[in-house]
Amino acid sequence: REPLAPPPPFSRPFWVMSRSLLVPGWGQLYNRSWVKALGVAAAEGLLAVEIARDTRELDRLQGVLDAARRNRDADAELAAVTAYNGRLDARTNRSWWLGIVIGYAMLDAYVDAHFRGFAAEFGAARDGGGAVEPQARLRWSF
């Protein structure tokens with residue numbers, strides 16, 4: 001038997017994981033996980049768009065807050081501070097979720113790359129007497 005050749009350098013799990021960090025869903029696409037790639041890319045894209053909207057709104061609210069302070073309008077300042085803090089909390093939460101989704105994508109791509117050449121089958125086998133025996137098979141292929 002011939003020894004198995006090592007995988008090409010950029011198909012190693014670390015590099016597949018790195019793809020997911022660079023481009024949303026790329027690691028999943030490389031591992032042929034089409035649905036996960038679509039889900040990860042959609043989630044990362046949606047969160048990034050919402051974070052950008054939050055940032056623009058925070059800039060606008062900062063202008064409102066500055067104007068209220070210049071005019072010495074305490075009620076307008078309180079309303080602007082409340083709105084600003086609510087939007088800042090939303091952006092912070094979305095940023096955490098984006099980090100979680102990116103972390104999941106990287107971990108998923110890494111694990112799937114490790115098991116890329118394996119196929120597992122679980123089922124039951126019947127012996128001659130009709131009894132069912134649980135079994136598991138593992139197959140490795142290139």
| query | How many angstroms lie between atom CG of Asp59 and atom CZ of Arg87, to the nearest 0.5 angstrom? | reply | 11.5 Å
| message | If I compare all heavy atoms of Leu65 with all of Val81, which pair ends up nearest, and what's the gap? | response | CD1-CG2, 3.5 Å
| How far apart are the closest heavy atoms of Arg91 and Asp54, and which atoms are they? | CA-OD2, 3.4 Å
| query | Rounded to the nearest 0.5 Å, how far apart are OG1 of Thr92 and CD1 of Ile51? | reply | 9.5 Å
| Will you find, in the side chains of Gln28 and Asp108, an N or O donor that is under 3.5 Å from an N or O acceptor? | yes
| request: List the steps, then state whether side-chain contact (heavy atoms from CB on, under 4.5 Å) holds for Arg70 with Asp66. | output: CA-CA 6 Å; Arg70 275 192 308 275; Asp66 292 342; 3.8 Å; yes
| Same apolar cluster (I L V M F W Y, side chains within < 4.5 Å links), Met17/Leu29 | no
| query | When clusters are formed by joining ILVMFWY residues with side-chain heavy atoms under 4.5 Å apart, either directly or through shared neighbours, do Tyr30 and Met106 land in the same one? | reply | no
| query | Is the backbone of Ala109 close enough, under 3.5 Å, to the side chain of Asn31 for a donor and an acceptor to pair up by distance? | reply | yes
| task | Determine whether Tyr110 and Val16 make a side-chain contact, defined as any pair of heavy atoms from C-beta on separated by less than 4.5 Å. | result | no
| said: Using the rule that Ile, Leu, Val, Met, Phe, Trp and Tyr join whenever any side-chain heavy atoms are under 4.5 Å apart, tell me whether Ile100 and Leu21 fall into a single cluster. | reply: yes
| query | What are the two closest non-hydrogen atoms of Ser20 and Ala105, and how far apart are they? | reply | OG-O, 3.5 Å
| request: Might you point out which heavy atoms bring Ala68 and Glu77 nearest each other, and give the distance in Å? | output: CB-N, 3.6 Å
| query | For the atom pair CG (Leu98) and CD (Glu50), what is the distance rounded to the nearest 0.5 Å? | reply | 12.0 Å
| query | Can you tell if the side chain of Asp112 reaches within under 4.5 Å of the side chain of Ser33, non-hydrogen atoms only? | reply | yes
| task | Might you work through the side-chain contact (heavy atoms from CB on, under 4.5 Å) test for Leu61 and Glu57, ending with a clear yes or no? | result | CA-CA 6 Å; Leu61 288 170; Glu57 181 63 12; 3.7 Å; yes
| Quick one: do Phe14 and Ile102 end up in the same hydrophobic cluster if we chain Ile, Leu, Val, Met, Phe, Trp and Tyr together by side-chain heavy atoms under 4.5 Å apart? | yes
| message | I need the minimum non-hydrogen distance between Val40 and Gly25, along with the two atoms involved. | response | CG1-N, 3.8 Å
